[in-house]
Amino acid sequence: MLKDITIGQYYEGKSLLHRADPRMKIIWLIALIVLIFLAQNMYALSFAAISVIISLIISRVPLKMYLKNMKTILPILLFTAIINLFYGEGEVLFSIWKISITDGGVYRSVFMALRILLFILISSVLTYTTTPNDLTDAIESLLSPLKFIGLKTAVHTLAMMMTITLRFIPTLIEEAEKIMNAQKARGADLESGGLTKRVKALIPILVPLLISAVRRSYELAAAMECRCYNGGEGKTRMKKMRLSLIDLFLSLACIIIGAGIITLNILF
Amino acid sequence: MDNIIEIKNATYSYTDEGISHIALNNISLSIKKGSFTVILGHNGSGKSTLAKLLNGLNTPSSGDIIVDGMNTRDEEKELEIKRKVGLVFQNPDNQLIASIVEEDVAFGPENLGLEPQKIRECVDEALKSVGMYEFRKSTPHKLSGGQKQRIAIAGIIAMSPDVLVLDEPTAMLDPKGRAEIISTLHFLNKEKNITVVLITHYMEEAENADRVIVMNDGEIINDGKPEDIFQNVKQLKEVGLDVPQTTELLYALKQIGFKVNTKALSIEDTAKEIAKALKL
C-alpha cells in the first residue's frame, strides 16, 4: 500500500513536455487548474478534458502510469461523486424515503468527479515529465523575486528542504515497512480493531521512524558539509533553465485552451 | 613522496552525560601523497573519530592536523580543506542529497561555484571513474547498496579531491558490493592518483594496501606493510580483529610444525605454500 504513493516519481522520456522549461510548466499547471475551475458547463469541461487527454498523449508516459495514480485517489473521487449526487434540482429520477436523486444531481456528480479527475491527471503530467530536482529548482527560480524583500536565504532553504524531502520519501517508506514487519514479527496487531486501536498501534512504528529520521539528519548534515555546502552562498547550477521554442509553442496551446473554455462558457 | 596529511599529537575527547571520554589519545601520523592506507580497528577504537578530524569536520581537542600545509583549525581554509580531503561515510542512504544520480553528484561542484559546463565535465568524469555513468539518470533508491556507495564516492570525486577518506564504506554492503567498492578504490588510487585512506574492520580489504595501521582504544598499536601486520596474529586477535583466513590457516599449520611462509596473503600463494610444505 505504501508503495503506491507516487510523489515525485519521474518517468524518464524525451517528449516535448519533458524538454519544456520546468518554470513554464508550473505556470501552465496553475493556469490550467484555474481554467478547469472556470469551466461552468459540460461543453467547456469536455473541451478541457480533451486538452488534458492531448497533453497525456504528448507526454508519452504510458497510460498505465496515470492509472496507477488514479487508484490511490479513487476513494476521494467516489466520495465526491456520491455526495454531489444528492445536491441537485430538477426532475426526480427516483427516491428512497426522504432522499431523492434528480437528473441535476447526476449531472453535478459527474461534473464534479470529472473536474477532480482532470486536476489529478494534469498535475501528474507535471510530476511525470519533470524531475523532482527540476521542480524544486523551478520553484526556487519562480520565488526568486522574494530575494528583493530580504528573503534570500529563505528561498534557498525552502528549495533545499523540498529536494531533501523528495529524496527521503522512498527511503523513509522503506524504513517504515521494515519497522512494521519487525513489529508484526513481535506480535503487533496493526490491521484489526477500531479506529482508536489502530491509531494507537501506529505509535510503535512512528516513534522508531522519527528517531531514525533524526539520526539520518545528523549524518546527512555531516555529508553535506563534507561536500562544501555552506547554505547556498555562491552556489551555481549544472543545469541552466532556458526558454525555448517548445515553451512558446506550449504557451500558445495554453492560451488557446483558455480562450476555448471561456468562449464555451459564454456560448452555452 | 610528500606528506599530504600530517597529524601532530592529536587528542580528541568529548563529554557524554558528564563523563569525559578520550576517543583519540595523542596520535601522530603522516599520510603520503598517492598512497593507499588502511586503518583497521574494532568498534570504539577511535578510527571514525580520526576520519572526521582529517577534513576538519571536527577539530582535535589538542594537537594539529595539517592538510597540504593548511591547519584544519583555520576557518578561512575550511572549504579548501574539505574540497581537498573528501569524506565518504558508512551509510550511502544518508549521504545522497538529490533524487537523480547525476544531480546528486553535481551537488559538490555546484557548492564550489563552478561554471555549468565545468560541472557537467566533473560529473561525467566522476561517474565514469566509478563505473556508474550509464546510471546517471536513474534514481538512487532503485540501485543496490554497492552502486549507491559508488555514487557517494563519485559525489566526492567530482570535487577533484587529493585525498579520499572512507569511514567503513563497506559495512552495510553485501560481499559483491564490498568487492565493487574495493576495486573502485584501487582504480582511483592507481589511475587517478588519489590518495586513499580506508577505515574498516574487514581484514581482507587491507590485503593490497601500501600500508596498514591498527588502532585500539584511541591509540595506534601497529603500523606497517599488510603482510607484516598480519604476522602478528596474536595481537590482532587481542584487539578483536580477525586475520584473513589464509593467514590463519598458514599460522595454524606453522604452529603444528609445517614449514610454511605465513606472509602469503592471496588464496593462490597460500595454496602454493601448502603444496611446497607438503612437497607436492
Side-chain angles (χ1 to χ4, degrees), chain A residues 3 6-14 18 127 130-137 156 159-175 178 212-242, chain B residues 48 51-52 54-58 78-124 137-142 148 152 155-156 158-159 161 165 167:
Chain A
K3 277 185 183 133
T6 55
I7 306 162
Q9 288 213 4
Y10 171 66
Y11 188 86
E12 169 106 58
K14 285 192 160 54
H18 281 85
T127 49
T130 320
T131 66
N133 268 43
D134 276 350
L135 268 185
T136 49
D137 285 357
H156 171 79
M160 197 71 233
M161 271 163 53
M162 290 196 314
T163 308
I164 291 171
T165 308
L166 288 172
R167 153 72 186 77
F168 275 89
I169 286 172
T171 309
L172 292 179
I173 287 176
E174 244 178 62
E175 178 124 33
K178 259 189 220 159
S212 118
V214 172
R215 275 202 197 128
R216 280 177 193 280
S217 74
Y218 277 114
E219 265 189 53
L220 182 70
M224 284 169 76
E225 240 186 277
C226 290
R227 291 167 77 179
C228 297
Y229 180 71
N230 61 345
E233 201 132 312
K235 190 175 162 108
T236 50
R237 291 276 175 197
M238 174 168 71
K239 287 178 184 158
K240 271 259 154 74
M241 283 179 282
R242 223 178 258 128
Chain B
S48 295
K52 287 186 181 134
L54 293 180
N55 75 340
L57 199 59
N58 289 342
E78 193 191 322
L79 278 185
E80 182 64 12
I81 290 172
K82 291 217 168 78
R83 191 196 64 75
K84 271 185 187 287
V85 182
L87 184 49
V88 176
F89 295 93
Q90 190 181 83
N91 188 347
D93 272 333
N94 298 348
Q95 296 174 72
L96 305 178
I97 286 121
S99 323
I100 301 286
V101 168
E102 60 173 11
E103 290 177 12
D104 183 78
V105 177
F107 183 73
E110 282 177 347
N111 288 334
L112 295 174
L114 304 178
E115 292 296 311
Q117 189 58 40
K118 177 80 185 144
I119 297 177
R120 183 89 252 174
E121 284 166 25
C122 292
V123 169
D124 287 352
K137 301 275 187 197
S138 51
T139 135
H141 80 268
K142 292 199 173 139
K148 279 189 267 194
I156 298 293
M159 299 191 294
V165 181
D167 185 8

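The sequence lines fix the lettering, A, B, ..., with proteins before strands; numbering per chain opens at 1.
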Is [X] close to chain A through its backbone or its side chain, or both, or neither, when contacts mean heavy atoms under 4.5 Å?
{"X": "V123(B)", "answer": "side chain"}
{"X": "E80(B)", "answer": "neither"}
{"X": "V105(B)", "answer": "backbone"}
{"X": "L96(B)", "answer": "both"}

Exercise. Out of L57(B), N55(B), L79(B), which one pairs with E225(A) under the side chain to side chain contact (heavy atoms under 4.5 Å, CB included) rule?
Worked result: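 Only one option passes, and that is L57(B).
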
Quick one: pull up [atom1] in [X] and [atom2] in [Y] and give me the separation to the nearest 0.5 Å.
{"X": "K239(A)", "Y": "I100(B)", "atom1": "NZ", "atom2": "CD1", "value": "7.0 Å"}
{"X": "H141(B)", "Y": "I173(A)", "atom1": "NE2", "atom2": "CD1", "value": "8.0 Å"}
{"X": "K84(B)", "Y": "C228(A)", "atom1": "NZ", "atom2": "SG", "value": "12.0 Å"}

Are [X] and [Y] side-chain neighbours, meaning at least one heavy-atom pair lies under 4.5 Å?
{"X": "R167(A)", "Y": "E103(B)", "value": "no"}
{"X": "Q90(B)", "Y": "E219(A)", "value": "no"}
{"X": "K82(B)", "Y": "Y229(A)", "value": "no"}
{"X": "I119(B)", "Y": "R237(A)", "value": "no"}

Exercise. Which bit of T163(A) is near chain B, if near means a heavy-atom gap under 4.5 Å: side chain, backbone, both or neither?
Worked result: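 Both parts, backbone and side chain.
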
Problem set entry | Side chain, backbone, both or neither of F168(A) within contact of chain B (heavy atoms, under 4.5 Å) |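 Contact with chain B involves the side chain of F168(A) alone.
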
Exercise. D104(B), L112(B), T139(B): which one forms the most heavy-atom pairs within less than 4.5 Å of chain A?
Worked result: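 The residue among D104(B), L112(B), T139(B) with the greatest pair count is D104(B).
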
Exercise. Any idea which of K235(A), E174(A), M238(A) has the most non-hydrogen atom pairs under 4.5 angstrom with chain B?
Worked result: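 Result: the option with the highest number of such pairs is M238(A).
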
Problem set entry | R227(A) side chain to N111(B) backbone, donor-acceptor under 3.5 Å |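 Here the side-chain-to-backbone pair does not exist.
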
Exercise. Would you say E115(B) has more than 12 foreign heavy atoms packed within less than 6.0 Å of its CD?
Worked result: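 For E115(B), atom CD is not crowded (no more than 12 foreign heavy atoms under 6.0 Å).
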
